[in-house]
Amino acid sequence: MKADRLTDPRHTRLRERLDAIRARSAKSTSWRTSTQYLSRLVNRDGFVPVKARLTREDLAFLAGARDEVIALAELGARILDLHRPQEAGGITSDPDSPIRRCRACMWRWPCPTFRAMDDTLD
């Protein structure tokens with residue numbers, strides 16, 4: 001029962017979203033080998049002659065995008081794990097809705113870090 005009161009549904013939703021991003025990225029095919037081949041097709045104007053116009057910067061991005069998305073999703077999940085609610089203790093007029101604070105920064109819940117993540121990923 002106490003754990004249920006501390007679980008914020010927004011926290012659960014954000015955690016599920018970050019886990020889904022990480023899982024989709026891990027399942028995707030890496031472009032690393034394809035970009036090595038496509039890099040040799042860059043013409044004198046700096047583009048690969050395919051339907052999409054890819055510059056050298058595009059190819060460099062595609063080569064590392066999968067790994068970077070996985071790393072960013074992991075970072076987001078770790079920050080989310082740090083910024084979780086906890087009961088603040090003290091006397092409250094509503095025992096069913098105790099005052100909660102962030103475990104990491106001790107701001108009232110939801111803390112600015114959690115709100116920023118919630119706004120960005122929503």
Side-chain angles (χ1 to χ4, degrees):
M1 173 91 171
K2 184 176 180 180
D4 291 339
R5 281 196 318 221
L6 293 179
T7 303
D8 188 323
R10 295 172 298 177
H11 183 277
T12 303
R13 181 179 48 80
L14 284 175
R15 169 50 104 167
E16 289 171 355
R17 176 125 187 241
L18 288 169
D19 287 343
I21 291 170
R22 187 176 13 185
R24 277 195 314 269
S25 298
K27 290 178 184 177
S28 67
T29 303
S30 176
W31 283 67
R32 193 166 308 281
T33 56
S34 298
T35 55
Q36 290 172 356
Y37 167 74
L38 291 172
S39 294
R40 293 189 299 251
L41 298 177
V42 174
N43 61 23
R44 65 176 174 233
D45 296 326
F47 295 100
V48 176
V50 292
K51 289 200 183 254
R53 294 179 60 122
L54 301 171
T55 65
R56 285 185 176 96
E57 292 80 16
D58 294 333
L59 294 174
F61 172 78
L62 289 173
R66 178 183 175 273
D67 297 330
E68 290 171 359
V69 167
I70 291 170
L72 285 172
E74 181 64 29
L75 173 63
R78 290 178 71 185
I79 291 171
L80 189 60
D81 285 343
L82 288 173
H83 292 272
R84 296 185 335 214
Q86 72 177 7
E87 286 188 27
I91 300 171
T92 179
S93 60
D94 186 3
D96 291 332
S97 297
I99 295 172
R100 297 185 303 167
R101 294 201 177 273
C102 176
R103 291 177 187 261
C105 62
M106 296 307 292
W107 280 72
R108 284 196 72 163
W109 187 255
C111 70
T113 302
F114 181 85
R115 283 195 311 265
M117 290 182 71
D118 190 35
D119 291 345
T120 301
L121 294 174
D122 195 17

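Everything numeric in this text was worked out from a predicted model, so none of it was measured. These numbers come from the heavy atoms of this one structure, side chains and all, not from hydrogens, waters or symmetry mates.
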With side chains defined as the heavy atoms from C-beta onward, is the minimum distance between [X] and [Y] less than 4.5 Å?
| X | Y | result |
| --- | --- | --- |
| T55 | F47 | yes |
| Q86 | M106 | yes |
| D118 | P110 | no |

Measure across [X] and [Y] and return the closest heavy-atom pair with its distance rounded to 0.1 Å.
| X | Y | answer |
| --- | --- | --- |
| S25 | R66 | O-NE, 3.1 Å |
| H11 | F114 | N-CZ, 3.5 Å |
| L59 | T35 | O-CG2, 3.6 Å |
| P85 | R103 | O-NE, 3.4 Å |

Closer than 4.0 angstrom, basic N to acidic O: yes or no for [X] and [Y]?
| X | Y | result |
| --- | --- | --- |
| R78 | D81 | no |
| D67 | R32 | yes |
| R100 | D8 | yes |

As an exercise, state the distance from [atom1] of [X] to [atom2] of [Y], rounded to the nearest 0.5 Å.
| X | Y | atom1 | atom2 | result |
| --- | --- | --- | --- | --- |
| E74 | D19 | CD | CG | 8.5 Å |
| M117 | L14 | CE | CG | 6.0 Å |
| L18 | L72 | CG | CG | 10.0 Å |
| L75 | I70 | CG | CD1 | 14.0 Å |
| W109 | C102 | CH2 | SG | 5.5 Å |
| R10 | R115 | CZ | CZ | 9.0 Å |

**Asked** Within a radius of less than 6.0 Å around CZ of R13, do more than 12 heavy atoms belonging to other residues, nucleotides or ligands occur?
**Response** yes
**Prompt:** If Ile, Leu, Val, Met, Phe, Trp and Tyr residues are connected whenever their side-chain heavy atoms lie under 4.5 Å apart, and connections chain through other members, are L38 and F61 in the same group?
**Reply:** yes
**Asked** L80, W107: one ILVMFWY side-chain cluster at the under-4.5 Å cut-off?
**Response** no
**Asked** Can you name the residues that form a side-chain contact (heavy atoms from CB on, under 4.5 Å) with T113, not counting sequence neighbours?
**Response** I79, H83, C111
